[in-house]
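Worksheet: one structure, shown below.
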Amino acid sequence: LAFDVYGGGVAPPLLIFHGLFGSKNNWKEIGKTLKAILQPTRKIYAIDLRNHGQSYRSPNMTVKQLAEDIKDFIEEEGLRKVCILGYNAGGKAATHFVLENPNLVQKAIIVDSSPIESRAEAIGLDKVVLLMKNTRIPKEKTFSEGRQMALTMLQKVITDNHTANYVLSNLKKSPTDGE
């Protein structure tokens with residue numbers, strides 16, 4: 001998983017997980033602020049979940065898999081006990097992780113997330129995900145032109161321009177075929 005680190009110290013680190021369609025960049029200013037407040041006692045990790053930001057892409061993404069990714073991250077970084085801040089989808093993953101691994105967690109803050117599973121279709125996310133998966137930007141287009149093309153398509157299912165641009169914050173050119 002891709003991540004940014006703010007601060008350092010010996011207290012259990014704080015792992016921050018973004019919401020659906022977000023990325024670690026959503027937490028940049030908060031990470032810097034927390035670093036100033038908590039320095040030098042605690043390291044802060046802002047982490048991209050799978051299929052978000054700079055983290056790897058996978059055809060599968062369940063809450064259980066996201067929670068397993070969190071555990072793998074903790075093991076890879078050699079962390080023992082952590083504090084977790086999870087927002088929205090990151091909160092769902094964090095909740096699942098905490099329930100499965102209470103011995104690895106000192107404290108958890110879950111924001112704007114429900115432990116109840118909701119179907120993507122019920123809130124319209126299935127249309128957004130399908131549109132994003134099926135968007136192909138021709139190789140001859142610049143990234144900026146491709147982004148505008150994707151925004152135009154996305155605005156068919158998301159009428160709020162701010163939300164549509166937020167969703168597009170994960171748009172990238174494919175490393176294999178440039179699309």
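Along the sequence shown, residues carry numbers from 1.
Taking 4.5 Å as the limit, every side-chain heavy atom of Leu104 sits out of range of all side-chain heavy atoms of Val98. In this structure, the side chains of Leu49 and His52 come closer than 4.5 Å at one or more pairs of heavy atoms. For the pair Ile109/Tyr87, no side-chain contact is recorded, criterion being any heavy-atom separation below 4.5 Å from C-beta on. Within the 4.5 Å cutoff, the side chain of Leu85 has no heavy atoms near those of the Phe17 side chain.
A donor-acceptor pair is defined here as one N or O able to donate and one able to accept, closer than 3.5 Å; no such pair exists between the side chain of Glu100 and the backbone of His96. When atom types are taken as modelled, the side chain of Arg80 and the backbone of Gly78 share no donor-acceptor pair closer than 3.5 angstrom. At least one donor-acceptor pair closer than 3.5 Å links the side chain of Arg50 to the backbone N or O of Asn60. The backbone N or O of Thr142 sits less than 3.5 Å from a side-chain atom of Glu145, completing a donor-acceptor pair. Listed for the Asn88 side chain is a donor-acceptor partner under 3.5 Å among the backbone atoms of Leu20.
Remark: of the listed residues Ile74, Leu79, Val82, Leu79 is the sole one forming a side chain to side chain contact (heavy atoms under 4.5 Å, CB included) with Tyr45.
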List, one per line, each side-chain donor-acceptor pair under 3.5 Å for residues 26-35, sequence neighbours excluded.
{"from": "Asn26", "atom 1": "OD1", "to": "Ser23", "atom 2": "N", "distance (Å)": "2.7"}
{"from": "Asn26", "atom 1": "OD1", "to": "Tyr166", "atom 2": "OH", "distance (Å)": "3.4"}
{"from": "Thr33", "atom 1": "OG1", "to": "Glu29", "atom 2": "O", "distance (Å)": "2.9"}

Donor-acceptor pairs under 3.5 Å, side chain of residues 9-16 to any protein atom, not counting sequence neighbours: which ones?
none

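In this structure, Ile70 CD1 and Ile47 CD1 are separated by 7.5 Å, a value rounded to the nearest 0.5 Å.
The minimum heavy-atom distance linking Val105 with Lys81 is given by the pair O-CE, 3.8 Å. Closest approach of Val5 and Gly7 over heavy atoms only: CG1-O, 4.0 Å.
By the side chain to side chain contact (heavy atoms under 4.5 Å, CB included) test, Gln54 is found to be paired with Ala2, Lys24, Asp48, Lys172, residues two or more places apart in sequence or in another chain being considered.
Side-chain rings of Phe73 and Phe3 approach one another, their centers coming within less than 6.0 Å.
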